Amino acid sequence: MNDKLYSITELAEEFDITPRAIRFYETKSLLSPQRAGATRVYNYRDRARLMLVLRGKRLGFSLEDIKEYIDLYDAERSGADQLAHLMLVGRRRISELEQQLEDVQTTLGELRKIESEAAEALREKGIDPEKALANIKAKLMPETA
């Protein structure tokens, strides 16, 4: 086993996060570093757990889901429960993302319709929509040179 120890600063730099974020994960019982006096020291297990936490966050899992996943490894070393849990939360996250995708597609459709209707209303007034757009951009966002 790897017996290298890491400081909070080393882990923060390696994973491009703040020491405060690491301490926050400690408060959520996701990490439990050893102490050398008042200094936190992290072992390979803490580093691996931090990698799992960050990956879970990147995938949109809740901290509670991440903690349950990590805790299952400690409770049942075969990994079967942990893998089944991963499937469960993965499927839940896929469902959430599919719903979000559907919502985004609906919103995009509505925005495209509004844009088309506005362009048509400008044309009916004898105004070139692209020129009107350029004019309003110039008024609202003047270039500062």
Side-chain angles (χ1 to χ4, degrees), residues 2 4-35 39-145:
N2 186 348
K4 177 176 170 40
L5 297 177
Y6 305 87
S7 71
I8 194 168
T9 303
E10 289 173 319
L11 285 181
E13 288 174 0
E14 179 179 352
F15 293 105
D16 196 26
I17 59 176
T18 64
R20 184 176 180 187
I22 294 172
R23 287 189 295 272
F24 174 75
Y25 296 140
E26 287 177 40
T27 66
K28 298 299 181 183
S29 300
L30 293 163
L31 301 172
S32 52
Q34 302 167 22
R35 300 279 179 172
T39 305
R40 292 171 168 88
V41 288
Y42 301 85
N43 60 23
Y44 74 96
R45 183 174 177 273
D46 296 312
R47 184 180 172 279
R49 288 172 73 106
L50 181 57
M51 284 192 322
L52 288 172
V53 169
L54 296 175
R55 182 176 186 214
K57 292 290 294 167
R58 205 171 37 254
L59 294 172
F61 296 145
S62 71
L63 289 180
E64 182 180 323
D65 285 338
I66 295 166
K67 183 173 180 351
E68 286 173 1
Y69 173 75
I70 291 171
D71 289 348
L72 282 171
Y73 178 76
D74 294 335
E76 195 263 311
R77 294 291 175 136
S78 79
D81 286 348
Q82 192 179 32
L83 292 170
H85 182 270
L86 184 59
M87 286 178 61
L88 176 69
V89 296
R91 286 180 180 175
R92 187 178 336 144
R93 185 69 183 131
I94 288 168
S95 178
E96 291 168 359
L97 288 171
E98 286 172 339
Q99 182 61 55
Q100 288 176 359
L101 179 59
E102 184 180 316
D103 294 345
V104 166
Q105 289 171 334
T106 298
T107 301
L108 284 171
E110 290 174 9
L111 288 169
R112 287 185 179 113
K113 183 176 183 213
I114 289 169
E115 179 186 22
S116 177
E117 290 170 351
E120 183 57 36
L122 286 168
R123 281 190 211 94
E124 288 174 3
K125 295 177 181 293
I127 301 169
D128 179 349
E130 293 306 316
K131 285 184 181 176
L133 186 59
N135 288 339
I136 197 67
K137 277 183 180 179
K139 288 179 185 176
L140 296 176
M141 299 176 261
E143 293 181 0
T144 54

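Treat the numbers as computed from the prediction; the structure is a model and nothing was measured.
Atom CD of Glu117 sits in a crowded spot, with more than 12 heavy atoms from other residues, nucleotides or ligands closer than 6.0 Å. Surrounding CD of Glu115 are at most 12 heavy atoms belonging to other residues, nucleotides or ligands under 6.0 Å away. Under a cut-off of 6.0 angstrom, the local environment of CG in Asp103 is crowded, with over 12 non-hydrogen atoms contributed by other residues, nucleotides or ligands. Applying the 6.0 Å contact sphere to CZ of Arg23 captures more than 12 heavy atoms from other residues, nucleotides or ligands.
Judged by distance alone, with hydrogens and angles left aside, the side-chain atoms of Ser95 form no donor-acceptor pair with the main-chain N or O of Arg91 at under 3.5 Å. Put simply, the side chain of Gln82 gets close to the backbone of Tyr69: a donor and an acceptor are under 3.5 Å apart. Not one N or O on the side chain of Ser116 forms a donor-acceptor pair closer than 3.5 Å with the backbone of Arg112. Checked by atom type and distance alone, the side chain of Arg49 pairs as donor or acceptor with a backbone atom of Leu30 at under 3.5 Å.
The existence of a salt bridge linking Glu120 and Arg123 is confirmed by a sub-4.0 Å separation between a basic side-chain nitrogen and an acidic carboxylate oxygen. Salt-bridge check for Glu96 with Arg92: failed, with every basic side-chain N at 4.0 Å or more from each acidic carboxylate O. A salt bridge does not link Arg93 to Asp65: none of the charged nitrogens lies less than 4.0 Å from a carboxylate oxygen.
Of all heavy-atom pairs spanning Tyr42 and Ser7, the tightest one is CD1-C, 4.0 Å. Closest non-hydrogen pair, Ala119 versus Pro129, comes out as O-CG, 3.6 Å. Contact record, Phe61 with Val89: CE2-O, 3.5 Å, taken as the closest heavy-atom pair. In terms of heavy atoms, Leu122 sits closest to Ala132 at CD1-CB, 3.9 Å. Nearest heavy-atom pair, Asp71 versus Lys67, reported as atom, atom and distance to 0.1 Å: OD2-NZ, 2.5 Å.
Proximity of Arg47 to Lys4: side-chain heavy atoms (C-beta onward) are nowhere separated by under 4.5 Å.
Distance check, rounded to the nearest 0.5 Å: CD1 of Ile66 to NE2 of His85 gives 10.0 Å. Of the inter-residue distances, the one linking Thr106 atom OG1 with Glu110 atom CD reads 6.5 Å to the nearest 0.5 angstrom. Distance NZ/Lys57 to CG/Leu52: 14.5 Å, rounded to 0.5 Å. The distance from the CG atom of Leu63 to the CZ atom of Phe24 is 5.5 Å, given to the nearest 0.5 Å. Taken from CG in Leu50 to CD1 in Ile17, the straight-line distance is 4.5 Å, to the nearest 0.5 Å. In this structure, CD in Gln34 is found 12.5 Å from OG1 in Thr39, a value given to the nearest 0.5 Å.
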* **side chain to side chain contact (heavy atoms under 4.5 Å, CB included) between Tyr25 and Leu54, worked out** => CA-CA 10 Å; Tyr25 296 140; Leu54 296 175; 3.9 Å; yes
